[in-house]
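Below, chains carry the letters A, B, ... as their sequence lines are ordered, and counting in each starts from 1.
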Amino acid sequence: MRLLTHNMLTSHVKGVKNGYPLIIEPLRVVVANVEFNGEFIARMISRIEWKALCQAAEWVGHADGLPREVVSDFEGNQDFLKAAHRALMEVEVMEGNLVCPESGRKFPIKNGIPNMLLSEDDV
Amino acid sequence: SMPTDDVAALRLEQEHVHEVYEQIASHFSGTRHTAWPKVCEFLNRLPPGSLVLDVGCGNGKYINVNPSLIMLGCDRSFGLASICRDRGFSIAVCDILSLPYRRGTFDACICIAVVHHLSTRERRLAALRHLLDVLRPGGLLLVYVWAQEQEKSANKGRKKKAQTPDEGPKSGSANRAQRTSFEKQDVFVPWRYAEPGKKSVMHAEPGKKSVMHAEPGKKSVMQQAEQCTDSAAQTGGEDKSSVCGLEGKEGSVFHRYYHVFHQTELRELCEELSSVAEMAEYYHDRGNWCVVLRKL
């Protein structure tokens, strides 16, 4: 699971009001090599919840080098864009859990894929 | 008979949609490589950097069509999601009736050949609501579902049905070969499993020649579907012998459930959502009914 995906996911457990962001319990994390496209990442920045990305990066142990805030002129800032690219696209949780911050309900991540299925009791 | 409640609907969909796709995932993926032009058009018209969700993305066929898009995918099948993951896509497993995405977030959403697998009208309507939920105001949703009227001259098919509502074909094989519509709307479409690399007779996509025209010795999807539906009705919709383990799967036939939509049906569902979204486009494409909705 990429952190880009994590940034868009939220807990949909019945009755939960504050299900975002899902807490990450990593068991196995890898760093892949994904081709960098500065323009592409620049367009992504405004769609990301940056605070949630920083929290996610911390949970998976890859917060070093990731700025705590979006810099004002990020479109032209290669260092910033590369750090964002690494966090969003290259860090992958292969095994672990996503945990609803309100209900504690766990969604397992296996082979890099988060399983967000709920049973009938949850919905 | 069709399910009257959610529990029965879930059971039918579990057996005749979810379990089937898990069993046939790699074979299915091998037969689904043609990205439909009008879906590609929709994706290529979106501004660069648009955040897009492909619900029921299957093997990820559409995820790289427009590389300027930020595209995420989700599917109900672990098998298909794994194929996406191996292709480097951003993917999750989830159910269309419980989408785990931040609401009001996406610029666009595509949902190709998914909603027709839901076995009650309520569930199909709920699916459209859930899809609209993830869109920001002004966001666009593209939905494709199998049409009852397989040929583009949809009116002809509809009139035929109205004239002979419950009549089975009387003049034998010649008549069957000319039929351009599914007779019934709730059908079980067979899939004969073949190991990757081997040819399979019965895996036709809608709108393709093999669906409508019976080649000698081969049957159209509609004819297969009707035979399936008849036998499925006899066995109560359960054909356990067709769902096997990995060994001996070659040649096994799986029955996938579809609710095929008649000409105005998708439009009617969308009209119930008129307080949430407006219809921007409505068309027939390769054996599908298609709609573009714009979230208000």
Which pair of non-hydrogen atoms, one from Leu117(A) and one from Asp95(B), has the smallest distance, and what is that distance? CD2-N, 3.7 Å

Are Leu72(B) and Met8(A) side-chain neighbours, meaning at least one heavy-atom pair lies under 4.5 Å? yes

To the nearest 0.5 Å, what is the distance between CD1 on Ile113(A) and CG on Asp86(B)? 7.5 Å

Counting only heavy atoms closer than 4.5 Å, note whether Leu69(B) contacts chain A via side chain, backbone, both or neither. backbone

Contact part of Pro67(B) toward chain A, heavy-atom cut-off under 4.5 Å: side chain, backbone, both or neither? backbone

Could you check whether any side-chain N or O of Arg102(B) sits under 3.5 Å from a backbone N or O of Tyr20(A), counting only pairs where one atom can act as donor and the other as acceptor? no

Would you name the heavy atoms of Ser98(B) and Leu118(A) that are closest together and state the gap between them? OG-CD1, 3.5 Å

Are any of the side-chain heavy atoms of Leu9(A) and Tyr101(B) separated by less than 4.5 Å? yes

Report which part of Asn115(A) has an atom under 4.5 Å of a heavy atom belonging to chain B: side chain, backbone, both, or neither. both

Tell me the closest heavy-atom pair linking Ile91(B) and Pro114(A), and the distance in Å. O-CD, 3.3 Å

Asp73(A) atom CG, neighbour heavy-atom count above 12 within 6.0 Å: yes

Inter-chain contacts: residues 23-62 of chain A against chain B, heavy atoms under 4.5 Å: Phe40(A), Arg43(A), Met44(A), Arg47(A), Glu49(A)

Determine whether more than 12 heavy atoms belonging to other residues, nucleotides or ligands lie under 6.0 Å from atom CZ of Arg45(B). yes

4.5 Å side-chain heavy-atom contact, Arg85(B) and Met94(A): yes

Is a donor from one side chain sitting under 3.5 angstrom from an acceptor on the other, for Arg2(A) and Ser90(B)? yes

